[in-house]
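Okay, so here's the structure we're looking at.
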Amino acid sequence: MNRELTCIECPMGCLITVEGEDTLTVRGNRCPRGAIYAKNEVTCPRRVVTSTVRLQDGRMLPVKTNQPVRKSEMFAVIEKINALHPAAPVHCGDILLYNIDEDAALVACDNIE
Amino acid sequence: MKNTYDLIIVGGGPAGLAAAIAAYDCGVTDILILEREDRPGGILNQCIHNGFGLTRFKESLTGPEYAGRFIAEAAKRNIPLSAGTTVLSISPKKEVTAINDRDGIFTVQAKAVILAMGCRERSRGALNIPGTRPAGIYSAGTAQKYVNCKGYLPGKDVVILGSGDIGLIMARRMTLEGAKVHAVCEIMPYSSGLRRNIEQCLHDFNIPLYLNHTITKIEGKDRVTGVVVSEVDEQKKPIAGTEMHFDCDTVLFSVGLIPENELTQEAGIALSPRTKGAIVRQNRETSVHGIFACGNVLQVHDLVDFVSEESEIAGKYAAEYILKGEVPFDDIPVSHSGNINYVLPQVINRNIGGNVKFFFRVSNTFRNCVFRVRSGNKLLCEKKKRIAVPGEMETLLVPAAKIADVTEPIEITLEVQPNE
Ligand SMILES: Cc1cc2nc3c(=O)[nH]c(=O)nc-3n(C[C@H](O)[C@H](O)[C@H](O)COP(=O)(O)OP(=O)(O)OC[C@H]3O[C@@H](n4cnc5c(N)ncnc54)[C@H](O)[C@@H]3O)c2cc1C
Ligand code: SF4
């Protein structure tokens, strides 16, 4: 079975074809990241989730998962994010929640003193 | 606050910050950045999604993380930034008048000025959609600020007009936060957004994209209750009988950005009717010696990596202007074929050495095309492209050696190759 994909790893947006059932061959990717993306996409698609959490004092902190999470779990991840209300100060790179989905952690993306 | 500075930078977004750092590293340390908002970072503070910095840092950063790296670099060099300060006017003599609640209205004299005010969204006013003007209508950027900076979801059932990147990003953002996005309508036959955003913001959530469609009516008295969406013909006129109705409480407009250039105009700087930004030379110098421009105030970038690159050029040459004095204009104009929307820089000053990178956008989707840069009948550079789309900025690099002996006007063309 052939599958046509648009790689989302960078703005080039390569059009990638994936062929085969067990051994997958990937064509159209201009770099190795595209091959990894395409193989994941036909087996278990994953996405980085970005969102915000409300700090205890009401300010908003941007956050992201430090690796892609299963696409099927994105809404569950958002629910966990919305339940968090850490206190300032927070710093870019601070881990706010381990294992938000499998091995992925939620990290802060800004400094709020 | 002093009365004079070597370099004043208007705007503390990614453009202003990168320009300041570059100028500092070239030996100009007497710098002041003036920023209207209460913190630096510009529009990136509200762009919490990832995908920034792939070219520059080889990793996918969120907007605040990307801005944070430049804020940290500026802080390391102790470059002063006056936040909460709005610039009101700039004179051709480089007197900058600004206002804040600490100093009131004040004027400072600069040796050189860099314009880095960014862009703003086109408003619905310019669009003439019939119907009432109920609450629930926002520009996509305003909605982005509400959701990401204030933590407030502007509505539950959403229709988006325009498929620019901000609209696509907001379709995903509002969906993840629990809203239902019923449709994204695009009047053109193509989306102006990046393909990756169509994929990960619309396809991932089964949000339909209607190309060649526009909103023809907005319903509701106090609050939006629905919209009518129609297909358009080649003249962009709605086709009778194609109307679709959507119930919704929110309409987002993502209909494009325009450089913010009131200040530029008042300074007597020549603007390009195409980009709506200043006409610049390859060093990003405007028609007024010693006033430079970079970032979205010059051309609407979709990749902040390019903004940083362009701003470093402006910073470097502003520093050279301050340290070595004025470089006289010896200008060669740059034009382009009809299937290209604009090219930047619009002018090449032959007294400036170095490679020249041209930035431009095509006017439609082209497959198997080739871009060429010519001066008279001399070919300076050519590049083949499998697919070129208006939503993605193209670049062409002409090496210094080829630019050095150019005597005739430069033209950039796009030719579609016959199928092999
Ligand atoms: C709503 C919106 C969303 C965007 N989303 C994305 C995105 O998702 N991905 C992407 O790659 N790009 C996005 N962009 C493009 C993004 O703006 C650029 O990549 C980049 O931020 C441009 O940097 P800049 O410094 O030129 O402009 P900006 O980031 O806009 O910074 C300009 C700064 O100048 C300040 N300023 C303006 N006028 C004055 C004045 N008179 N006095 C003092 N200060 C002033 C402003 O407050 C602002 O901080 C978006 C743009 C907008 C408008
Ligand atoms: S394959 Fe490589 S170059 Fe192409 S879109 Fe993916 S990451 Fe970018």
Side-chain angles (χ1 to χ4, degrees), chain A residues 4-16 28 30-31 33-34 37-38 41 45-55 57-79 81-82 85 90-94 107-113, chain B residues 39 41 44-55 58-69 71-72 75 145-153 165 169 172-173 175-178 193-205 302-306 386-387 389 391-393:
Chain A
E4 301 272 340
L5 306 170
T6 303
C7 180
I8 62 166
E9 294 293 313
C10 94
M12 301 283 288
C14 293
L15 301 171
I16 301 185
R30 260 169 276 189
C31 85
R33 297 164 61 114
Y37 171 79
E41 196 63 12
R46 289 170 184 278
R47 299 287 183 265
V48 168
V49 171
T50 62
S51 186
T52 49
V53 299
R54 189 181 287 283
L55 300 184
D57 60 23
R59 287 182 289 176
M60 302 304 290
L61 168 75
V63 294
K64 69 173 183 186
T65 59
N66 63 352
Q67 48 176 283
V69 299
R70 289 171 291 175
K71 192 167 132 182
S72 55
E73 300 306 308
M74 277 195 290
F75 283 95
V77 165
I78 287 281
E79 242 171 68
I81 292 174
N82 286 344
H85 299 289
V90 253
H91 296 106
C92 191
D94 287 357
V107 299
C109 297
D110 201 356
N111 300 309
I112 298 191
E113 297 305 328
Chain B
R39 56 182 294 196
L44 291 185
N45 288 327
Q46 69 184 62
C47 299
I48 61 152
H49 56 279
N50 64 332
F52 298 87
L54 280 161
T55 316
K58 307 282 175 264
E59 42 178 323
S60 177
L61 301 172
T62 63
E65 289 174 303
Y66 189 95
R69 297 209 174 177
I71 294 169
K145 197 164 182 174
Y146 278 148
V147 179
N148 294 342
C149 302
K150 310 231 183 296
Y152 157 76
L153 193 66
D165 286 311
I169 295 281
R172 172 177 64 182
R173 185 76 186 110
T175 305
L176 283 173
E177 290 298 340
L194 296 170
R195 280 193 297 257
R196 63 198 292 253
N197 285 338
I198 307 246
E199 194 60 36
Q200 60 183 344
C201 298
L202 299 187
H203 294 172
D204 271 8
F205 302 97
D302 24 51
L303 290 179
V304 70
D305 305 70
F306 283 157
R386 205 156 57 121
I387 180 164
V389 296
E392 291 171 28
M393 198 184 273

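All chains are named by letter (A, B, ...) in the order of the sequence lines, taking the proteins before the strands, and each is independently numbered beginning at 1. What you see is a predicted model, and the numbers here were worked out from it, not measured in a lab.
Between Tyr66(B) and Phe52(B), the ring planes are tilted. Angles from 30° to 60° get that label.
With respect to the salt-bridge test (charged N to carboxylate O, under 4.0 angstrom), the residues Glu41(A) and Arg47(A) qualify. By the 4.0 Å N-to-carboxylate-O rule, Arg59(A) lies too far from Asp110(A) to be salt-bridged with it. At a threshold of 4.0 Å, the pair Glu59(B)-Arg69(B) counts as salt-bridged, since one of the basic side-chain nitrogens sits closer than that to a carboxylate oxygen.
In this structure, no portion of Glu79(A) lies under 4.5 Å from any heavy atom of chain B. Interface residue Leu54(B): only side-chain heavy atoms are found under 4.5 Å from chain A. Both the backbone and the side chain of Cys109(A) come within less than 4.5 Å of a heavy atom in chain B. Residue contact with chain A, scored on non-hydrogen atoms closer than 4.5 Å, is absent for Thr55(B).
Among Leu303(B), Asp302(B), Asp204(B), the residue making the largest number of heavy-atom pairs under 4.5 Å with chain A is Asp204(B). With respect to chain A, the highest number of heavy-atom pairs below 4.5 Å among Glu177(B), Glu392(B), Arg386(B), Arg173(B) belongs to Arg173(B). Chain B forms more heavy-atom pairs under 4.5 Å with one residue of Ile81(A), Asn111(A), Asn82(A) than with any other, namely Asn82(A). Ranked by heavy-atom pairs shorter than 4.5 Å toward chain B, the options Pro45(A), Gly13(A), Ser51(A) are led by Ser51(A).
Across every non-hydrogen atom of Ile169(B) and Asn197(B), the tightest pair is CD1-OD1, 3.9 Å.
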Margin query: Assess the residue pair Ile198(B) and His203(B) against the criterion (side-chain contact (heavy atoms from CB on, under 4.5 Å)); give the C-alpha distance rounded to whole Å, side-chain angles, the decisive distance to 0.1 Å, and a yes or no.
Written below: CA-CA 7 Å; Ile198(B) 307 246; His203(B) 294 172; 3.8 Å; yes
